[in-house]
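All residue numbers refer to positions in the sequence shown, counting from 1.
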Amino acid sequence: MRIYLFMVAVNGVQLLSSSFFTAIGKALKGALLALTRQVFFLIPLILVLPLRLGIMGVLLAGPIADFMAFVLSVVLVSRELRRQIPRSLGTCKQ
C-alpha cells in the first residue's frame, strides 16, 4: 500500500493544472491533463509492468503514472506561463 500511494502528494498539482487551463479558456488542454494519470499513463503501465515485475509492477504503476502526470503538468503550465507573462507585461502602463 505504501508503494502505491507514494506519489499521491503530487496529484494536487495535476488537478490544479487542469483547472488552470480550463479557467484560461483552454478547456481541451485541461481535459486532456485530467485524463493523463488515469487513462494515458496508468492503464498502459498496469498492463505492461506486471509482465516484467509481477505484482510489484502493479504496485509501481500508480506512483510512476503520478510522477509522469506531475512532470507533464509542470511542463505545460510553465510553458503557458512563459507565454502569458510577456503579454500581461506588455499591457501594463508605466
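By the criterion of side-chain heavy atoms lying less than 4.5 angstrom apart, applied directly or through intervening Ile, Leu, Val, Met, Phe, Trp or Tyr residues, L33 is not grouped with L16; the two fall into different hydrophobic clusters. By the criterion of side-chain heavy atoms lying less than 4.5 angstrom apart, applied directly or through intervening Ile, Leu, Val, Met, Phe, Trp or Tyr residues, F41 is not grouped with V48; the two fall into different hydrophobic clusters. In terms of hydrophobic clustering, with Ile, Leu, Val, Met, Phe, Trp and Tyr side chains grouped at heavy-atom distances under 4.5 Å, L15 and F70 are assigned to different clusters. Hydrophobic clustering places M7 together with V71 (ILVMFWY residues linked when any side-chain heavy atoms are closer than 4.5 Å, directly or through intermediates).
Within a 6.0 Å radius of CZ in F40, more than 12 heavy atoms belonging to other residues, nucleotides or ligands are found.
Between Q38 atom CD and I43 atom CD1 the span is 7.5 Å, to the nearest 0.5 Å. In this structure, CZ on R37 lies 5.5 Å from CG on N11, to the nearest 0.5 angstrom. Distance CZ/F20 to OG/S73: 11.5 Å, rounded to 0.5 Å. Atom CZ of F21 and atom NZ of K29 lie 5.0 Å apart (nearest 0.5 Å). Note that the CG atom of L81 and the CD1 atom of I24 stand 8.0 Å from one another [nearest 0.5 Å]. Residue R83 holds its CZ atom at 10.0 Å from OG of S78, rounded to the nearest 0.5 Å.
Among residues two or more places apart in sequence or in another chain, the side-chain contact (heavy atoms from CB on, under 4.5 Å) test is passed with L45 by L49, A61, I64, A65, M68.
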For a quick test of your reading: what N or O donor-acceptor pairs under 3.5 Å do the side chains of residues 51-59 make, sequence neighbours left out?
none

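Looking at S18, its side chain does come within 3.5 Å of a backbone N or O of G30 through a donor-acceptor pair.
Across all their heavy atoms, T36 and A69 have their closest contact at OG1-CB, 3.7 Å.
The closest side-chain heavy-atom distance from L76 to S17 is not below 4.5 Å.
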